[in-house]
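No experiment lies behind these values; they were computed from the predicted model shown.
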Amino acid sequence: PRDSHLCDRLLYVADGLFIHENGICQRHSGLAVGIYTAAVVPAEASYERWRGVMRIGAARSGVRIALGALLLILALFALIPFIYMVLVSFTQKTVLNLDFDVSEFSLRNYERIFTGYNMGRYLLNSTIVSVGACALNCIISSMAAYAFAKKRFPGRDKAFAVYLATLMIPGQVTLIPVFLIIRNLGLMNTHLALMLPVINAFGVFLIRQFMEKVPDELLEAARLDGCG
């Protein structure tokens, strides 16, 4: 509200609308957008309330800025070890200290690991296994999750509970059985031998929780429209 307002009695609304005594709801531009019935309060009281809201908003903004600055400083402290690691990788240091000579920086260490230690092959193997395991996990877990979420069959919930219980079995317990299974399948020294153990009940659980939120009516409508 401003002192130049024509009406001395108006009601402040948070979204920028003002309701005058005649019941016409107007914006600052004076364009009438509707007719409402509401109790009116003095303009001075509305203005003081508006100033109080603005002060609270400014205080909250200050707290957010201070909190953001604090989190930024903490994030920089957390990045210091990684930055130091990268800087050391360009030097031939044998002692860890903060004495860096930029003129001594070189790519000799990187050249050595890629030419002398076959690091390129290791990175390629990691990429193949990571991408392949993710793809297999998504495909197989999605099919299992759909069955547990949308199919009705006897013992479905009990079977899912047993399936989830496998998450509590430590990996050390299944290490030897998994190795024997991989060996009997003839998958030794293959990428697939590293991908298959990644598939577990956790991915099925996550996708099932999402699929349960999909309305059954949507699936029925898709079937009526000829969806396979």
Side-chain angles (χ1 to χ4, degrees), residues 57-145 163-213:
R60 290 179 179 176
S61 299
V63 172
R64 292 193 190 98
I65 293 174
L67 182 59
L70 177 61
L71 292 177
L72 180 60
I73 294 173
L74 294 177
L76 292 177
F77 274 109
L79 288 175
I80 288 177
F82 298 98
I83 297 174
Y84 183 79
M85 177 181 64
V86 172
L87 293 176
V88 171
S89 69
F90 291 104
T91 67
Q92 304 299 318
K93 281 180 174 292
T94 57
V95 179
L96 297 180
N97 53 44
L98 297 177
D99 185 15
F100 290 102
D101 188 357
V102 180
S103 61
E104 295 180 356
F105 282 12
S106 68
L107 298 175
R108 192 179 308 166
N109 292 330
Y110 291 95
E111 181 182 355
R112 184 185 307 166
I113 64 172
F114 279 100
T115 58
Y117 297 97
N118 202 18
M119 181 60 67
R121 183 61 192 180
Y122 302 154
L123 293 176
L124 179 61
N125 288 339
S126 299
T127 303
I128 293 174
V129 171
S130 300
V131 175
C134 182
L136 279 177
N137 208 357
C138 289
I139 295 172
I140 297 176
S141 297
S142 297
M143 293 188 293
Y163 192 60
L164 284 182
T166 60
L167 291 174
M168 296 184 290
I169 301 176
Q172 295 83 354
V173 176
T174 60
L175 184 61
I176 295 178
V178 168
F179 171 77
L180 295 177
I181 292 173
I182 294 298
R183 187 186 64 179
N184 294 335
L185 292 176
L187 298 177
M188 294 292 294
N189 297 322
T190 63
H191 294 112
L192 191 59
L194 299 175
M195 299 177 192
L196 292 178
V198 176
I199 303 171
N200 54 33
F202 185 70
V204 177
F205 170 74
L206 287 181
I207 301 177
R208 175 184 177 270
Q209 297 304 108
F210 164 75
M211 288 186 174
E212 282 191 336
K213 303 299 182 180

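Atoms CZ and CG, on Arg64 and Leu71 in that order, are 13.5 Å from each other to the nearest 0.5 Å. Atom CZ of Arg108 is separated from atom OG of Ser89 by 13.5 Å, given to the nearest 0.5 angstrom. If you take OG on Ser142 and CZ on Arg208, they are separated by 14.0 Å, rounding to the nearest 0.5 Å. Expressed to the nearest 0.5 Å, how far CD1 of Ile128 lies from CG of Leu194 amounts to 11.0 Å. Rounding to the nearest 0.5 angstrom, the gap separating the OG atom in Ser130 from the NE2 atom in His191 is 10.5 Å. The distance from atom CZ of Phe202 to atom CG of Asn137, rounded to the nearest 0.5 Å, is 10.0 Å.
Leu123 places a side-chain heavy atom less than 4.5 Å from the side chain of Phe114. Looking at Glu104 and Gln92, their side chains never come closer than 4.5 Å, going by heavy atoms from C-beta outward. No side-chain heavy atom of Val198 sits less than 4.5 Å from a side-chain heavy atom of Leu136.
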Could you give me the CA-CA distance, side-chain angles and deciding distance for Leu187 and Leu196, then say whether side chain to side chain contact (heavy atoms under 4.5 Å, CB included) is met? CA-CA 10 Å; Leu187 298 177; Leu196 292 178; 3.9 Å; yes
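Below 30°, between 30° and 60°, or above 60°: for Phe105 and Phe90 the angle between ring planes is below 30°, a parallel geometry.
In plain terms, the two heavy atoms of Ala201 and Thr166 that are nearest each other are CB-OG1, 3.8 Å. The heavy-atom pair separating Thr91 from Asn109 by the smallest distance is O-ND2, 2.7 Å. Summarising the geometry of Phe179 relative to Met188, their closest heavy-atom pair is CE1-CE, 3.5 Å, with the distance given to 0.1 Å.
With Asn184 contributing its side chain and Leu180 its backbone, the two residues share a donor-acceptor pair below 3.5 Å. Listed for the Ser141 side chain is no donor-acceptor partner under 3.5 Å among the backbone atoms of Cys138.
Few gaps surround CG on Leu74; more than 12 heavy atoms of other groups in view lie less than 6.0 Å from it. At most 12 non-hydrogen atoms from other residues, nucleotides or ligands lie less than 6.0 angstrom from CZ of Phe210.
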